[in-house]
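Reckoned from all heavy atoms, side chains included, excluding hydrogens, waters and symmetry mates. All figures in this text were calculated on a predicted structure; none of them were measured in a lab. Per chain, numbering begins at 1; letters A, B, ... match sequence-line order.
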Number of protein chains: 2
Amino acid sequence: MARTAGSHSETTGPRVQEAALRLFARQGFAAVSMRQIAAEVGVQAGALYNYTPDKQSLLFDLMRGHMDALLAERAARGAGGDAVSRLEEFTRFHIRFHLARPDAVFVSYMELRNLSPENFAVIEGLRRSYEDELEGILRDGVAAGQFDVADTKIATLAVIAMLTGVTTWYREAGRLSVTEVETIYWDMVRKAVAA
Amino acid sequence: MARTAGSHSETTGPRVQEAALRLFARQGFAAVSMRQIAAEVGVQAGALYNYTPDKQSLLFDLMRGHMDALLAERAARGAGGDAVSRLEEFTRFHIRFHLARPDAVFVSYMELRNLSPENFAVIEGLRRSYEDELEGILRDGVAAGQFDVADTKIATLAVIAMLTGVTTWYREAGRLSVTEVETIYWDMVRKAVAA
DNA sequence: GTCTATAAAATGATAGAC
DNA sequence: GTCTATCATTTTATAGAC
């Protein structure tokens, strides 16, 4: 299929997103210029506006894409089993998912304040619904006498903070595999909420 | 003591730091302009350069001040007692200290990548020495058979991530006092590392 | 779809008057 | 110590040629 010279819409769009994600993660949204993103992609700055109406939308689309992927993967998993096994599955999933996309995690946690108020509300809602799943597991476990936590909401946030923290130190070239890291954190989570 | 009209060096300096801290915490270092800081203080932009050689130094001084205060408070406390009581004291201290200065915590954790390489190395060193105290407590507890963790370094980072996460949700007007929050988190930390 | 060129505004930092 | 004025860049975003 012949194509007009200089036309690369099928590849440039994703490349803009990838370049923006990588640069936002390393330098922060506000510190990255559209020219810098364009240079990374290999086009001129003006060409970026074929793929995003503005810089804010670029950030929002990255964050929404990340949250959508997170929730889609959760929805694809059965919620069967007792609270303990569901908590283990959630813990291992959270670590595996987050370690697989460190740039998206970094941007999603650090750039919330650079979202417009409307965009912030959307991302905040998605984040909340992810937390709600974990809180549901903890609540069920407390009701079943398997867990003992003073406050399920605080325990939810404490567990997520602990698990997400893994992204600040884990390196692929390090001494531990992802599965080993999952096991170490699951051991701490299990004990922290145990009855 | 008479003073030249327009001279306020005794009050302006601290006010520049306070304004910069507040604005950096809310909008991020890169998104805040020197003019914005000046407006918050009530002076013109040029006057800021009587108090800082440049914007980078303003950020570094805020972060170093925060880390120095953190380490100074730790040094002022005795390290006596067994590992369990030392861990409880560390946990309660960490929460209390961090909840008392949310802006400085936010800036210190979010703006590391906006530090020059030399400045980053300094802050990183200070942060490391804070973590080392916690790791020492965990190691002592493991040696005494009071704690059981698979990896003291990972447990250190996991505990700190969990505790620091409190700053993302705690509000002074909320239903829990700082002491109640300390107790809830101490309960989770204690169990997470228990033998 | 990409380019060049440019508009319009904002930025960090400095000079010199007071 | 603060002001006004300004420099030299850089910024986001758009217009129009190809």
Side-chain angles (χ1 to χ4, degrees), chain A residues 1-21 23-24 26-63 107 111 113-119, chain B residues 1-21 23-24 26-63 107 111 113-119:
Chain A
M1 185 77 83
R3 200 189 293 150
T4 307
S7 171
H8 305 284
S9 69
E10 286 159 26
T11 68
T12 305
R15 277 163 42 87
V16 169
Q17 299 255 339
E18 287 158 21
L21 179 63
L23 288 170
F24 290 168
R26 276 162 189 55
Q27 308 181 34
F29 173 75
V32 173
S33 72
M34 294 299 270
R35 279 172 180 77
Q36 217 177 333
I37 298 169
E40 191 94 345
V41 174
V43 296
Q44 291 300 312
L48 296 180
Y49 293 88
N50 289 313
Y51 303 98
T52 182
D54 50 33
K55 195 184 172 191
Q56 167 71 205
S57 299
L58 201 46
L59 175 63
F60 176 61
D61 289 345
L62 288 171
M63 293 179 70
V107 169
E111 304 297 351
R113 61 192 167 176
N114 283 308
L115 290 173
S116 68
E118 313 82 51
N119 288 346
Chain B
M1 186 77 83
R3 200 189 296 149
T4 307
S7 170
H8 305 285
S9 69
E10 285 160 27
T11 69
T12 304
R15 277 163 42 87
V16 169
Q17 299 254 341
E18 287 158 20
L21 179 63
L23 289 170
F24 289 168
R26 276 161 190 57
Q27 308 180 35
F29 173 75
V32 173
S33 71
M34 294 298 271
R35 282 171 179 77
Q36 215 177 335
I37 297 169
E40 189 93 347
V41 173
V43 297
Q44 292 300 312
L48 296 179
Y49 292 87
N50 288 315
Y51 303 98
T52 182
D54 50 33
K55 198 185 170 191
Q56 167 72 206
S57 299
L58 201 45
L59 176 63
F60 176 62
D61 289 345
L62 288 172
M63 293 179 69
V107 170
E111 305 296 351
R113 59 190 169 179
N114 282 307
L115 290 173
S116 68
E118 313 81 50
N119 288 345

- [ ] Measure the angle between the two terminal helix axes of the helix from C:dG1-D:dC18 to C:dC18-D:dG1, five base pairs each, and quote it to 10°.
- [x] 0°

Open item on the list: Please enumerate all residues that pass side-chain hydrogen bond (donor to acceptor under 3.5 Å, both in side chains) together with A:Arg113, with sequence neighbours excluded.
Closed with: B:Glu111

- [ ] Applying side-chain hydrogen bond (donor to acceptor under 3.5 Å, both in side chains), name anything that partners A:Asp54, two or more places apart in sequence or on another chain.
- [x] A:Ser57

Task: Sequence-aligned protein contact record of nucleotides 12-17 of chain C, with B where the base is within under 4.0 Å of a protein heavy atom and S where only the sugar-phosphate is - done: BBB---

TODO: Quick one: list whatever passes side chain to side chain contact (heavy atoms under 4.5 Å, CB included) with B:Ala19, sequence neighbours left out.
DONE: B:Arg22, B:Ile37, B:Glu40, B:Val41

TODO: Could you pull out all residues at least two apart from A:Gln44 that satisfy side chain to side chain contact (heavy atoms under 4.5 Å, CB included)?
DONE: none

Open item on the list: Which residues pass the side chain to side chain contact (heavy atoms under 4.5 Å, CB included) test with A:Gln27, not counting sequence neighbours?
Closed with: A:Leu23, A:Ala31, A:Val32, A:Gln36

TODO: Rounded to the nearest angstrom, tell me the gap between atom CD in A:Gln44 and atom C1' in C:dT2.
DONE: 9 Å

Open item on the list: Rounded to whole Å, please give me the gap between CG in B:Leu23 and C1' in C:dT11.
Closed with: 16 Å

Task: Nearest-angstrom distance from the residue atom CD of A:Gln36 to P of D:dT9 - done: 18 Å

- [ ] Report the distance from atom OH of A:Tyr51 to atom CG of A:Asp61, rounding to the nearest 0.5 Å.
- [x] 14.5 Å

Task: Residue-phosphate contact under 4.0 Å: A:Thr12 side-chain N/O, C:dG1 OP1/OP2 - done: no

TODO: Applying side-chain hydrogen bond (donor to acceptor under 3.5 Å, both in side chains), name anything that partners B:Asn119, two or more places apart in sequence or on another chain.
DONE: B:Gln56, B:Ser116

- [ ] State which residues pass side-chain hydrogen bond (donor to acceptor under 3.5 Å, both in side chains) with A:Gln17; sequence neighbours excluded, sorted by chain then number.
- [x] none

TODO: Rounded off to whole Å, could you give me the CG-to-C1' distance for the A:Leu58 and D:dA13 pair?
DONE: 14 Å

